[in-house]
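Per chain, numbering begins at 1; letters A, B, ... match sequence-line order. Note that these values count all heavy atoms, side chains included, but never hydrogens, waters or copies made by symmetry.
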Amino acid sequence: MTPLLELRNVSKAYMRGVFGRERFVALQGVDLALDEARPTIIAIAGESGSGKSTLGLLVLGLLQPTEGVVLYRGKAVSTLRGADYQRFRREVQAVFQDPFAVFNPFYKVDHLLQVPIEKFKLARSRHEARRMMEDALQAVGLRPEEVLGRYPHQLSGGQRQRIAVARALVLKPRLLVADEPVSMVDASLRAAILESLRRMRDEHGISILYITHDLTTAYHVADSILVLYAGRVVEAGEVERVIRAPKHPYTQLLIDSIPWPDVTQPWGSKPLAKREGERASVGSGCRFAPRCPSAMPHCWQRVPPLYRLAPEHVVACYLYESEQAAQADIARA
Amino acid sequence: MAIALDPQAPLIAQPSRWTLVLRYLRRNPSLPLGLVLLIFLVGFGVIGSLLIDTSTRAYPLAAPPVQPPSAEYPLGTDRDGRDLLAVMVRGVLLTGAVGLMAGTVGIVVGTTVGFVAGYFGGWVDAVIRWLTEVLMTIPPLVLQVIIASTIVDKNKVTIFTMAGVASVLAWMGTARMVRAQVLSLRERAFVNMARLSGMSNLEIIFRELMPNMLPYLAASFVGAVMGAIGASFGLEALGLGPVREPTIGMTIRWAVYHSAIFNQWWWWVLWPVLALILIFASLALINRGLDELANPRVRRTE
Amino acid sequence: MTLQESPVLRVRDLRVTYYTDAGRVTAVNGVSFDLAAGERLGLVGESGCGKSTLALALMRMIKPPGRIESGSAVVRTEHGEMDLLALDEESMRKARLSVISYIPQGAMNALNPVLRVGQQMLDALQAHAPHLSRAEMRARAEAALASVELPKDVFDRYPHELSGGMKQRVCIAIGILLSPRVIIADEPTSALDVVVQRQVMETLQRVQEQLGAALILIGHDMGLMAQVTHRVAVMYAGQFVEVSPVQAMFTQPLHPYTQALIQSLPRLDNRGVFRSLPGVAPSLLRLPSGCVFHPRCAQVMEVCRREPPPAVHTADARFVLCHLYGDDENVAPRATLTTSPQEVRR
Amino acid sequence: MPLAYLLRRVAFMIFVVWSAITLLFFLPRLSPINPVRERFAELQRSTGWAPRDLERLVKVYEVKFGLNKPLHEQYVDYMSSLLRGDLGYSIMRYPRTVGDLIAQALPWTIGLLSVTTLLTFGIGTGIGALAAWPRSPQWVKGLVTPLVVLAAIPPYLLGLLLIYFIAFRAKLLPMGGAYTLGRFTGPELSFPFLLDVARHAILPALSLILSTVGFWALGMRGMGVTVQGEDYVTFAEHKGLSLRRIFYAYYVRNAILPQVTALALAFGSIVSSGILVEYLYGFPGLGSLLNAAILANDFFVIYGIGLITILAVAVSMMVVDLLYPLLDPRIRYTRA
């Protein structure tokens with residue numbers, strides 16, 4: 001069966017400088033596949049500059065890969081035209097990080113919901129459109145009469161972000177890219193938004209790419225997780241396994257540094273091998289080698305492939321060389 | 001588990017729109033001041049041309065030459081026998097017309113160029129940036145002098161020629177502003193949102209970007225009008241203006257040409273200078289007011 | 001810990017009001033607390049609850065239309081006590097950095113882009129210790145850089161040549177340059193990745209302990225508070241609603257707001273459980289009657305709508321502002337973690 | 001400064017200048033107006049003298065000025081003579097060369113404009129910096145609106161008012177010219193002469209200063225307001241620095257960066273920015289020369305003036321780009 005979404009060896013490089021002489025590789029050789037039959041939430045985790053947001057924009061078709069291909073229902077996204085393109089546009093939606101920036105300040109918040117209803121002809125009448133909007137707002141815990149007809153700056157960040165989620169609900173997409181949807185929302189409201197995401201998966205069969213730097217929320221909402229470091233996948237697998245027993249030295253460092261809100265779960269004891277800001281260029285080797293406490297000589301030579309440790313757990317690290325090299329479709333959980 | 005509904009939150013009290021407008025005007029008096037001046041000038045021109053037959057009185061031989069202000073000629077007359085009151089009335093309208101025409105061309109061309117450069121980028125942007133860079137190295141007055149003196153026949157200059165010459169450079173400021181604005185707006189997430197909602201490029205430009213730029217465009221338009229009036233005035237002062245039309249600039253040109261000050265014909269100089277100063281002052285105040293309106297730093301405090 | 005006995009900072013009844021176009025906004029509404037030398041106090045709350053205003057008030061950096069209405073903030077130094085809120089402008093200027101220092105949020109832009117890092121440190125020394133020779137100043141600055149584990153050459157670098165974590169360390173180095181008694185760190189790591197955040201926080205903690213200074217850590221990340229602080233103050237709509245030692249705060253929160261807040265946090269042991277706090281923070285322009293939290297409170301009572309709650313100091317040195325604990329001296333919490341706000345919701 | 005960057009920047013400047021000159025070359029040649037014929041028409045209008053064999057004379061002059069050749073050959077000739085620094089002959093003052101006329105006028109212009117530009121920059125930037133500084137007295141902030149109006153008024157108009165009120169009515173200063181013609185036969189290096197020149201320069205300078213000081217003040221104020229809100233200014237206050245140090249090293253030092261760029265550009269355009277005022281006061285700089293050339297249809301002089309203004313602007317833009325990284329350490333020599 002054709003996967004809903006498939007990334008094959010996708011890389012994205014940005015050109016910098018006036019004549020594009022500097023090449024900055026944001027993402028390199030990423031493979032990913034999602035089946036429609038089993039809706040799932042995949043967390044894409046990594047620190048800033050890891051390429052996680054680039055991955056989201058590539059999936060949304062807002063960026064084109066420099067290498068590899070992004071396929072939606074078996075067709076390359078960049079070549080979609082006509083009805084196929086309309087279907088892709090409607091079925092692949094997003095919730096972005098900044099709940100203020102997604103609103104056009106010129107319009108009332110209704111605009112965000114009205115435009116897709118109008119463009120995708122989801123409603124036969126204005127009355128029906130209005131009802132759809134109200135239903136969606138209620139589904140995310142907002143009172144329509146309190147938010148409709150107001151301007152974005154008159155609402156709180158949490159309310160705005162929930163409207164953005166409601167927009168996704170109106171469209172009933174097949175795939176939702178949620179790029180840091182709660183990082184700019186007060187802690188007390190995060191749970192409500194994450195809960196809406198999970199219900200989208202359960203009740204509407206929507207698959208979600210949950211892009212985040214925050215592993216605590218990833219742990220809570222996602223089924224599987226994919227950890228990026230400097231544009232490459234370093235570890236991926238079922239979320240419980242990866243968070244509870246990380247294998248890659250970077251993932252270990254990352255998870256060890258999570259400040260859990262729990263006094264019985266103290267901050268990690270792992271030694272911090274290298275300092276921040278020292279990301280020496282590594283040419284052809286593992287990008288993490290300069291910071292890695294267990295780096296071996298050949299880590300500097302070649303990029304480690306993904307090794308499969310379990311049916312649902314792969315890691316790109318020579319420490320696990322003895323394990324079997326894995327297939328690319330890591331996320332086909 | 002259902003998601004908890006917000007308990008009824010008290011709506012944040014917003015002062016009424018009018019209160020906000022009044023408060024804004026108190027903080028930013030440039031705009032109303034400029035508008036009052038502008039209304040006065042327009043009123044002077046419109047009402048004046050209804051009361052006075054400017055089509056004859058503003059031209060030579062309509063009155064005895066060099067009369068100081070009197071009951072019959074409240075502003076006096078010039079050496080060629082023009083009634084200066086009629087000249088002022090017609091001149092304000094003509095000068096305004098030149099500015100409006102050139103400003104309109106400037107804003108339309110500038111907005112289009114700026115949008116194309118900013119939104120599509122790439123080589124189009126590179127060509128446009130190269131062109132503006134080149135045009136920027138040629139001082140505007142010099143370029144306009146060259147155009148007006150070598151392409152246009154000096155004796156056949158009309159106010160349309162003036163507007164044409166003035167608009168050659170009137171688009172650049174707008175184009176640069178629009179390009180910069182588009183570049184910053186384009187990165188905003190709402191543009192991505194619009195694309196995900198199925199909007200095309202054109203729709204994004206007109207429905208999403210353009211409304212946000214209205215205050216900037218308004219300020220830019222006023223700036224272009226001001227620039228065009230300034231440019232045409234420069235050309236007129238140098239004798240490259242419409243010799244047969246009583247624009248304010250040409251009136252000053254003739255007064256200087258005939259050494260009006262030296263001959264003690266002070267009224268011939270003073271009225272047109274005052275009129276132009278009023279025109280520039282009103283436009284500058286409006287431009288500044290709109291600029292502050294467009295500036296998000298100011299708006300955020302509302 | 002016997003922290004209460006000799007407070008290095010004693011804040012009483014601090015009130016800050018902003019006079020805005022839309023009306024009067026009391027951003028800090030009668031806050032009192034003590035801080036012991038060497039103590040790390042966390043200050044948490046939703047955005048707009050007044051926590052940054054409180055910090056700015058202690059630095060006397062409230063600008064119009066804001067105004068400090070009342071209160072005192074007495075710091076104990078080796079030269080005696082001084083009330084920061086009663087000092088004249090010039091003395092306050094001298095007190096900044098040398099008595100109380102501030103490490104800003106978003107250190108990305110806190111350093112002057114056109115001056116070298118070293119010069120910005122020398123500026124601070126020149127303003128406060130002009131009697132030092134140039135060489136002594138340089139030595140002090142370099143020592144400060146070393147104590148935040150920055151290489152020596154940072155002294156001669158421009159801010160844009162440093163990473164985010166390094167810039168934050170420079171800000172910490174500046175903050176400790178004159179050995180202040182109190183350090184206020186306003187979300188010092190909010191822009192940093194978790195690994196860097198941990199490194200920076202560990203550095204801050206270490207230098208603070210070396211100095212024996214008190215630290216006020218402002219933030220919204222309860223996880224960070226749990227890891228770093230001794231005591232946590234929870235702020236809501238301009239008031240402290242609960243101040244408790246960190247252990248007690250996380251195991252047995254007293255105030256319903258704190259309870260809901262802690263319940264909403266994702267931890268390792270509650271995967272997939274989503275409990276959010278209903279409602280939105282009230283507008284400071286129009287505060288609810290009685291207890292400001294009552295419209296969102298799961299345990300709201302009739303009295304909460306009418307009367308402001310009493311300030312309750314418990315025997316185990318905790319503070320809570322809530323009608324639930326109004327009557328008895330030794331508070332036995334009526335609501336413990338077993339009855340969560342969600343479950344008792346109507 | 002990396003040599004490669006310098007070379008790239010110089011090459012870019014040459015490219016821009018070449019583009020502009022080429023534009024200026026083709027613009028008038030696309031026009032139907034024949035400059036030689038215009039010159040004779042002008043002569044006829046002013047003196048009544050009309051040559052009998054006009055067509056032959058026109059031909060002769062066209063050969064003399066090279067206007068008879070095909071366009072591309074003219075272009076090559078034009079470019080190669082420009083490279084030799086030869087701007088051709090003036091039509092109105094033939095056989096004097098354009099270069100000669102410009103060389104005579106240029107020192108006057110540069111003298112007047114460089115002084116006024118520096119003065120206005122200093123005064124305007126100072127007012128602007130204070131207008132955006134929160135602790136300034138209220139009246140300084142109130143200067144902004146009058147400056148907006150003043151900045152919008154062309155110096156020529158102010159010049160007219162100054163002539164009328166100060167020179168003509170009050171008779172405080174001379175009405176025009178660069179020096180008293182009766183007292184001096186020509187420029188000389190003596191104290192009385194310089195004093196005389198200064199007296200003559202006050203009014204033109206004042207018209208320029210009054211109308212441009214607002215430009216600098218508004219630019220500085222705008223930037224100052226932005227810098228005021230920057231975290232590093234706030235942090236400097238948190239550090240307890242003296243107000244003086246914050247004002248100069250943290251606030252002005254950052255806000256002034258765009259002003260410096262603008263100053264370099266203003267220096268690039270000093271040859272053109274005073275044209276109208278010079279002409280008004282009969283000040284023997286480029287403005288008066290340009291006005292004479294326009295009256296006489298002396299296109300070669302007009303082009304010559306256009307050319308050196310272009311060169312001045314292009315060079316100063318390059319200088320800005322080369323010097324800016326010294327002022328702002330964030331900018332490195334990578335742009336081209």
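- A heavy-atom distance below 4.5 Å is not found between the side chains of D:Leu295 and B:Leu238.
- For D:Tyr164, the parts lying near chain B are the backbone and the side chain together; criterion is any non-hydrogen pair under 4.5 Å.
- When each of B:Asn287, B:Leu270, B:Val142, B:Leu33 is checked for heavy-atom pairs under 4.5 Å with chain D, B:Val142 comes out on top.
- The contact between B:Val269 and chain D is made entirely by side chain atoms (from C-beta outward), counting heavy-atom distances below 4.5 Å.
- The side-chain heavy atoms of D:Leu23 and B:Leu135, taken from C-beta on, include a pair separated by under 4.5 Å.
- Ranked by non-hydrogen atom pairs under 4.5 Å with chain B, the options D:Val149, D:Asn291, D:Ile294, D:Ile302 are led by D:Ile294.
- Contacts from residues 255-267 of chain B to chain D, taken as heavy-atom pairs separated by less than 4.5 Å, involve B:Val256, B:Ile261, B:Phe262, B:Gln264, B:Trp266 in sequence order.
- At a threshold of 4.5 Å between non-hydrogen side-chain atoms, the residues D:Leu24 and B:Leu143 count as touching.
- Using a 4.5 Å cut-off between heavy atoms, D:Leu307 makes no contact with chain B at all.
- With sequence neighbours excluded, the residues forming a salt bridge (charged side-chain N to carboxylate O under 4.0 Å, His left out) with B:Asp125 are B:Arg129, B:Arg179, listed by chain and number.
- Across D:Ile163, D:Leu157, D:Val313, the residue that shares the most heavy-atom pairs under 4.5 angstrom with chain B is D:Leu157.
- Between B:Thr137 and D:Val17 there is no side-chain heavy-atom pair separated by less than 4.5 Å.
- Two residues are said to be in side-chain contact when any heavy atoms from C-beta on lie closer than 4.5 Å; B:Arg288 and D:Thr145 fail this criterion.
- Within 6.0 Å of CZ in B:Arg176 there are 12 or fewer heavy atoms belonging to other residues, nucleotides or ligands.
- Only the side chain of D:Leu161 comes within contact range of chain B, judged by heavy atoms closer than 4.5 Å.
- In terms of heavy-atom pairs under 4.5 angstrom with chain B, the leader among D:Ala314, D:Gly306, D:Pro154, D:Gly268 is D:Pro154.
- Between chain B and the options D:Leu280, D:Ile305, D:Leu218, the largest number of non-hydrogen pairs under 4.5 Å is found for D:Leu218.
- Nearest approach of B:Ala237 to D:Tyr279, heavy atoms of both residues: O-CE2, 3.3 Å.
- Inspection of non-hydrogen atoms places B:Leu276, B:Ile277, B:Phe280, B:Ala281, B:Ala284 of residues 276-284 of chain B under 4.5 Å from chain D.
- For residues 269-278 of chain D, the interface with chain B (any heavy-atom pair closer than 4.5 Å) comprises D:Ser272, D:Ile275, D:Leu276, sorted by residue number.
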